[in-house]
Amino acid sequence: MFALIDCNSFYVSCERVFRPNLNNKPVIVLSNNDGCVIARSNEAKELGIKMGEPAFKITDFLEKNNVTTFSSNYVLYGDMSHRVMNTLSQFAPEIEIYSIDEGFLNLTGMLVDLEDYAQRMRQTICKNTGIPVSVGIGPTKVLAKTANYYAKKVSEKGAFILDTPDKIDEALKIFEIGEVWGIGRQYATMLSHHQVKTAWDFIQLPDEWVKKKMTIVGLRVKKELEGVSCLPMELIAPAKKAICTSRSFGEFQTTIEPMKEAVATFVSRCAYKLRRQHSCAKTIMVFIHTNGFNQSDPQYAKNIVIPLPVATNSTIELTRYALIALEAIFKAGYRYKKAGILVTEIVPETEVQQSLFDTVDRDKHAEIMKAMDTINARFGRETLRLAVQGYNPRWKLRQEKLSQCYTTRWNEIITVKI
DNA sequence: TCTGGGGTCCTAGGACCC
DNA sequence: TCTGGGGTCCTAGGACCC
């Protein structure tokens, strides 16, 4: 049996831990740049606020309905996620951290009453972290996901267990096909044209048909729904094959200087992520574009891929190439909204193909990076950085409703007034 | 005026190799 | 009239996830 534990309205719940006065009130969290709604409390959902809704379209509505709004605080959510996963890992020998707010447990061979065990997980996580979670349990990952859906939607106890063929049958017969994990909008539409409305309809289809129309991936989903486990636990997160850092600017940029600062900052994030997974990248891509939503503005979008002479994770070296790339694609006369960096062709740092004609002292770079990472780990991100990253960036994110980093910064720790 | 930021996998088709 | 057989690598596009 697999369990899927999913935090309820995770970002909202993180904010509420430190603002308990917001319990039972409508609360939402916005995406970066205070753009779209990406997390909603149940009360906010009941008000009809949609996932992905642009915030500016509902400003008046939010005020009228006393909806508390937060900017995204990923430092806080990341740390809270660690705490949840730590507690969760005590409940089974095998845990897969599937996303910031979800984890699978492998309960195979565990002689426990599943109902009890699910409740113990919920209580312990709530006690240790303050985060409410839902628990779904089933014989495959897809069925555990399905069970989790019912845990959230119908169960009053926050847990749901699909452990007998009858229960599974009953659940699948009323489970909308588009809600199945692995069936997205396109497939749901395609399937509905073939009179497939529910998960149960779906598993009545012939395997060959499903494979032809939906590739092997779709067939796996079908098998999992039938109770045949095809998706194994992934205990160790595999090294990333691509790493991207990109941001929308708080204000439009029309000159190259602030964009250089932005690009250099994004490179430093990418390089850090590479070092953290002990990898180097052989290719870097820089992209910039204007605001596609604004039809009346002249539009421009361009990316450029730079193959590197030797795979690297040095911020200094990557920045040099990225700035050359930016110079090459930047065109004056546009209002730029976004820029980003993508590094690919990632290899383990122990398997870097050297070059006979290398002019870079790689040992020295490695030492500098190590020193930088040590200092920044102790004194905070970007304490030590390249001068080209600048200060007081003009491109900064809009974050008007940012909460404190209660759990990771001493000077932002919660204050209790008596 | 204001619309996020990450990732993965699969397949088909074309170019190329012997 | 007849024109082999077996591969790899790369890319673009399309689907999905949080």
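Within every chain, numbering begins at 1; the chains are lettered A, B, ... in the order of the sequence lines, protein sequences first and strands thereafter. Side chains included, hydrogens not; waters and symmetry mates left out as well; all remaining heavy atoms used.
- As rounded to whole Å, 15 Å separates atom P of dT1(B) from atom CD of Q295(A).
- Q90(A) CD: more than 12 foreign heavy atoms inside a 6.0 Å radius.
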*DNA chain B base-pair string [pairs: Watson-Crick or G-U under 3.5 Å; |: paired with another strand]*: ....||||||||||||||
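- For residues 391-401 of chain A, the set of pairs meeting the side chain to side chain donor-acceptor pair (under 3.5 Å) definition, not counting sequence neighbours, is empty.
- Residue contacts for R269(A): at a heavy-atom cut-off of 4.0 Å it reaches no nucleic acid atom on any strand shown.
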Do any N or O atoms of the protein come closer than 3.5 Å to N or O atoms of nucleotides 11-13 of chain B, and which pairs are they?
none

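- In this structure, the side-chain contact (heavy atoms from CB on, under 4.5 Å) partners of F379(A), at least two apart in sequence or on a different chain, are I375(A), T383(A).
- Applying the salt bridge (Lys or Arg N to Asp or Glu O under 4.0 Å) rule to pairs touching residues 121-133 of chain A yields nothing, sequence neighbours excluded.
- Annotation: F175(A) is in aromatic contact with Y150(A) [ring centroid separation under 6.0 Å].
- Contacts of E53(A) with the nucleic acid, taken as non-hydrogen atoms under 4.0 Å apart, are absent.
- For residues 84-107 of chain A, every residue pair satisfying the salt bridge (Lys or Arg N to Asp or Glu O under 4.0 Å) rule, not counting sequence neighbours, is listed here: E96(A)-K141(A), E102(A)-K145(A).
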*Could you run through nucleotides 2-8 of chain B and give me one letter per nucleotide, 5' to 3': B if any protein heavy atom sits under 4.0 Å from the base, S if only the sugar-phosphate is that close, - if neither?*
BBSSSSS
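- Taking 4.0 angstrom as the limit, K145(A) places a side-chain polar atom (N or O) nearer than this to OP1 or OP2 of dC18(C).
- Here R40(A) pairs with nothing under the side-chain hydrogen bond (donor to acceptor under 3.5 Å, both in side chains) rule; sequence neighbours left out.
- Using a 4.0 Å cut-off on heavy atoms, none of the residues of residues 259-267 of chain A approach DNA chain B.
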Report all side-chain donor-acceptor pairs from residues 282-293 of chain A shorter than 3.5 Å, counting only partners two or more places apart or in another chain.
from	atom 1	to	atom 2	distance (Å)
K282(A)	NZ	L308(A)	O	3.4
T283(A)	OG1	E345(A)	OE2	2.5
T290(A)	OG1	Q299(A)	OE1	2.9
T290(A)	OG1	Y300(A)	N	2.9
T290(A)	OG1	Y300(A)	O	3.2
N291(A)	OD1	F293(A)	N	3.1

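- Among residues two or more places apart in sequence or in another chain, the side-chain contact (heavy atoms from CB on, under 4.5 Å) test is passed with R320(A) by none.
- Listed by residue number, there are no residues of residues 172-198 of chain A with a heavy-atom contact under 4.0 Å to DNA chain B.
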